[in-house]
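A short write-up of the structure that comes next.
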Amino acid sequence: TASVAVERPFFAMDTGTKDAKHQTAEQQVALVKEIGFAGIGPIYNNPAGLREMLAATDRHGIRLFAEYVKLDLDAASPVSPEIRDTLEQLKGRDAFLWLYVVSKAHKSSDPAGDAMAVPLLREIARMAETNGVRVALYPHTAFWVERVEDGTRLARAVDRPNLGTTFNLCHWLKVDGQELENRLEEAGRHLFVVTVNGADTAGKDWKTLIQPLDSGDFPVSRVLAQLDRMNFAGPVGLQHYGIGGDAAVNLRHSMEAWRRLTARPLLPSGTALEAWQPAPGWSEVGSVALDPQDGRKLVAEPGAGVILSAGKAGYLLTRDTFSDVEVHVEFMVPARSNSGVYVNGCHEVQILDSFGVEKSDYPGNECGGIYPEWVGNANVRGHTPKLNASLPAGQWQTFDIVYRAPRFDATGKKTANGCFVKVLHNGRIIHENVEVLGTTRSGLDEAAAGPLRLQGDHGPVAYRNIRVLPI
């Protein structure tokens, strides 16, 4: 499916805005405004607390995006005074009633509770519509609405345009962490809000499942890429529950990571080749997959957002040049195919069908390997990844590269080598602080700045969602 870069407002949940120095609504709102967030998403405590938070956001010119409130299905009056007060105070504001739903009478995700929940949610949606407020269900581990699938199911049953669901990365990982793209796609038009954070893919507790956005090995870019493919333009919240420490430091780390994750796209849908110098053999398509008749080929469907080489294309170079840079790349190769991403035009991260391969014929000739130099008719100084993170041929894979370009003095003499500060393959660290002494075999001459360069003549390869952030 085509990927379309969409700008989305990024707000901080108040689970991470409070510390010893930031206790009041005024202090927390001032902090998130200073760091660059579009707004805040607080937990409902009492009417005065919500009034104070709204007054602070008004003073600082940012939004209160969502107010987190409980719906208890077992209560004598489920549509509580807290819900009613929130709807009244949010009247006329572009904000969400962020509704988490609990029940002791029904187990988590049990559809048997729908008969009670759907009429209540319809009533709340009607009240919210009168006040110009939207309602976003908030799936939460161990609550009745626990999974994004629950929120989607209920939103469909309620069938009101102002009621939808939230996707919470940390809770999705905690509950099962399965079928991310399908879960988001299923939510479709009912998806109103998304929350993200750094996390470890295999994490089991909140310390590993909720980290600053620049930590953990789960590729949050995978979430954003799917949102791009869905043209999702809703708000994205930052979850920092339980991280502790200095709120300002944590928030700044996450904001820096967000800016990297939402960096400049080089393959905008419909014009994916415009940022690149003309090269024969490349085409823009909508999707690719393994050829069912020949696992060494890719087949394409018409559309936009993916670029494809059938295997004999020229090198594809960006029109712009970059020096120190962070690069996100998504790629697919069929069986036994080969390509490469040349950062600065001269230093290659190898792409190869390496799934299940224990050892290659020389260092650097593995998927994710830093390809060797060619010196004295021999491959030298290649760098094997720390681990083999490859997926099977025909699956989309990711590189996230942090690169420091070589330095040169005024006479053109090199004063510092280029360096792969960090490389992640499918979210797993495979290189750290690897200096490259010279140009990769078949690379361009080393320079202080150079293009991003994609190899297209060593077998079929497809790319999508390439983003660069100069640093």
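Here Tyr403 and Phe420 bring their ring centres to under 6.0 angstrom of each other. Here the two rings, on His425 and Phe399, have centers that are under 6.0 Å apart. A ring-centre distance under 6.0 Å is found for Trp206 and His171.
Note that CG of Leu387 is 9.0 Å distant from CD1 of Ile429, once rounded to the nearest 0.5 Å.
Ion pairing between Arg264 and Asp320 holds under the 4.0 Å rule for side-chain N and carboxylate O.
Within 6.0 Å of the NZ atom in Lys386, the count of heavy atoms belonging to other residues, nucleotides or ligands exceeds 12. Other residues, nucleotides and ligands contribute only 12 or fewer heavy atoms inside 6.0 Å of the CZ atom of Arg189.
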Requested in this report: Show your working on side-chain contact (heavy atoms from CB on, under 4.5 Å) between Phe143 and Ser109 and close with a plain yes or no.
Outcome: CA-CA 8 Å; Phe143 290 0; Ser109 300; over 6 Å; no
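You'll find the side chain of Gln395 stays beyond 4.5 Å of the side chain of Met332, heavy atoms only.
Relative ring orientation between Trp282 and Tyr463 is described as tilted, the plane-to-plane angle lying within the 30° to 60° band.
For the residue pair Gln28 and His22, the shortest heavy atom distance occurs at CG-O, 3.8 Å.
Of the N and O atoms on the side chains of Asp205 and Thr208, at least one donor lies less than 3.5 Å from an acceptor on the other residue.
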